[in-house]
There are 2 protein chains.
Amino acid sequence: MAPTRTPSTPVDRELMRGAGPTAVLKLLERGEMYGYELVEAIDKRTDGILAMGQSTLYPLLYNMEAKGLLASRWSEENARPRKYYRLTAAGRKRLAADSLQWRAVAQAMGSLGVVYALS
Amino acid sequence: MAPTRTPSTPVDRELMRGAGPTAVLKLLERGEMYGYELVEAIDKRTDGILAMGQSTLYPLLYNMEAKGLLASRWSEENARPRKYYRLTAAGRKRLAADSLQWRAVAQAMGSLGVVYALS
DNA sequence: ACGCATACTATGCGTGACAAAGTATGCTGT
DNA sequence: ACAGCATACTTTGTCACGCATAGTATGCGT
C-alpha cells in the first residue's frame with residue numbers, strides 16, 4: 001500500500017496567479033512531459049496545493065509555447081497521441097527570473113510578518 | 001543621514017496577484033491607515049518588491065471594503081481629507097486564512113525546489 | 001467490441017492589475 | 001496673499017489569467 005497522501009486544499013488560484021507557470025517551468029527543467037502528466041505531477045509534487053484543472057493547465061501551455069518559453073512535439077505514430085513539452089532557452093531564462101521573483105516575494109512577505117523568514 | 005534604501009524592482013504583479021490584499025490586511029492589523037499612506041508603507045516595508053500604484057491600491061481598498069474586510073471613516077473637519085481604513089472582524093479572519101495560504105504556497109514552491117524551504 | 005480512463009481542444013465569464021487622466025485640498029516659501 | 005507643488009482620492013478602460021463547462025478523440029483492459 002502506497003503511503004497515504006492527504007491533499008491540502010488548493011490555494012485560491014486567483015490569489016496566486018503566476019504560480020502555475022513557474023511550477024510548469026520547474027517541472028520541465030528535468031525533461032519533457034506532456035500536459036496530462038503535468039496536471040498530475042503538479043498535484044502530487046505540491047501535495048495538492050498548486051493543483052490545477054486541465055482547463056487551466058492546457059491554455060497555460062499554449063500560452064507559454066506562444067511566448068516561446070516552451071516547445072512541443074507530438075508522440076510517435078501509433079502511440080497514444082500526446083503532446084510533449086520541453087523548455088526552450090527562453091524558458092530556462094524565465095525560470096531563473098521567476099525563481100528570483102519568488103524569492104523576493106517570500107522575502108517581502110517575511111518582512112511584513114505574513115510568513116516566517118526563509119532559512 | 002538615513003540608511004540608503006536600494007529599492008528592488010517590483011515583482012510582476014500579474015504574476016503575484018493577491019499579494020496586495022494580504023499586504024494591506026497585514027499593515028492594517030496594527031491600526032488604521034489611509035490610502036496614500038498604505039501606498040508608501042507597502043513600498044517601504046517590502047523594499048519596493050510589492051510596490052503598487054495608486055490606481056491599483058485604491059480600487060483594491062474599495063473592493064475590500066465592499067467585501068466587508070475593511071471599514072473606513074473620513075478624517076475630521078478642517079483637516080486634510082483622508083479616508084482611514086481599518087480591519088473588520090471578517091478582515092482579521094481573512095488575514096489569518098491568507099497567511100495560511102501563503103505558508104502553503106511557500107511550502108509548495110519549496111517542494112518543487114523553486115525557493116528554499118522555510119525555516 | 002465495449003466501456004472507461006486518458007489526453008487534448010475550445011468557449012465564455014468573472015475578476016484583479018494597472019496605465020492614464022482627472023479633481024481637489026492643504027502646506028510652504030516669498 | 002497666493003502661486004506652486006506635494007498630497008490624496010476617484011474613475012475609466014484595457015488586458016490577461018483562472019476556471020467551469022462542454023466537447024472530441026484515442027487506446028487499453030476485459
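Both backbone and side-chain heavy atoms feed into the values below; hydrogens, waters and symmetry mates do not. The chains referred to below are lettered A, B, ... by the order of the sequence lines, with proteins before strands, and numbering in each begins at 1.
- For B:Glu40, the side chain to side chain donor-acceptor pair (under 3.5 Å) test picks out no residue, with sequence neighbours left out.
- Residues forming a side-chain contact (heavy atoms from CB on, under 4.5 Å) with A:Lys93 (at least two apart in sequence, or on another chain): none.
- Within residues 21-40 of chain A, the residues having any heavy atom under 4.0 Å from DNA chain C are, by residue number, A:Tyr34, A:Gly35, A:Tyr36.
- In the region residues 84-98 of chain B, proximity to DNA chain D at under 4.0 angstrom, judged on heavy atoms, holds for none of the residues.
- For B:Glu29, the side-chain contact (heavy atoms from CB on, under 4.5 Å) test picks out B:Lys26, B:Leu87, B:Arg92, B:Leu95, with sequence neighbours left out.
- For A:Arg73, the salt bridge (charged side-chain N to carboxylate O under 4.0 Å, His left out) test picks out A:Glu32, A:Glu76, with sequence neighbours left out.
- Qualifying side-chain contact (heavy atoms from CB on, under 4.5 Å) partners for B:Ser75, counting only residues two or more places apart in sequence or in other chains: B:Arg82, B:Tyr84.
- Applying the side-chain contact (heavy atoms from CB on, under 4.5 Å) criterion to A:Ser72, with sequence neighbours excluded, gives A:Glu65, A:Lys83, A:Tyr85.
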May I have the list of side-chain donor-acceptor pairs in residues 53-64 of chain A shorter than 3.5 Å, sequence neighbours left out?
residue	atom	partner	partner atom	Å
A:Tyr58	OH	A:Tyr36	N	3.3
A:Asn63	OD1	A:Lys67	NZ	3.1

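- Contact annotation: A:Thr56 reaches the phosphate of D:dC19 (side-chain N/O to OP1 or OP2, under 4.0 Å).
- For B:Glu37, there are no side chain to side chain donor-acceptor pair (under 3.5 Å) partners, not counting sequence neighbours.
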Distances for protein N/O vs nucleotides 23-28 of chain D N/O pairs under 3.5 angstrom?
residue	atom	partner	partner atom	Å
D:dT26	O2	A:Arg80	NH2	2.9
D:dG27	OP1	A:Ala79	O	3.2

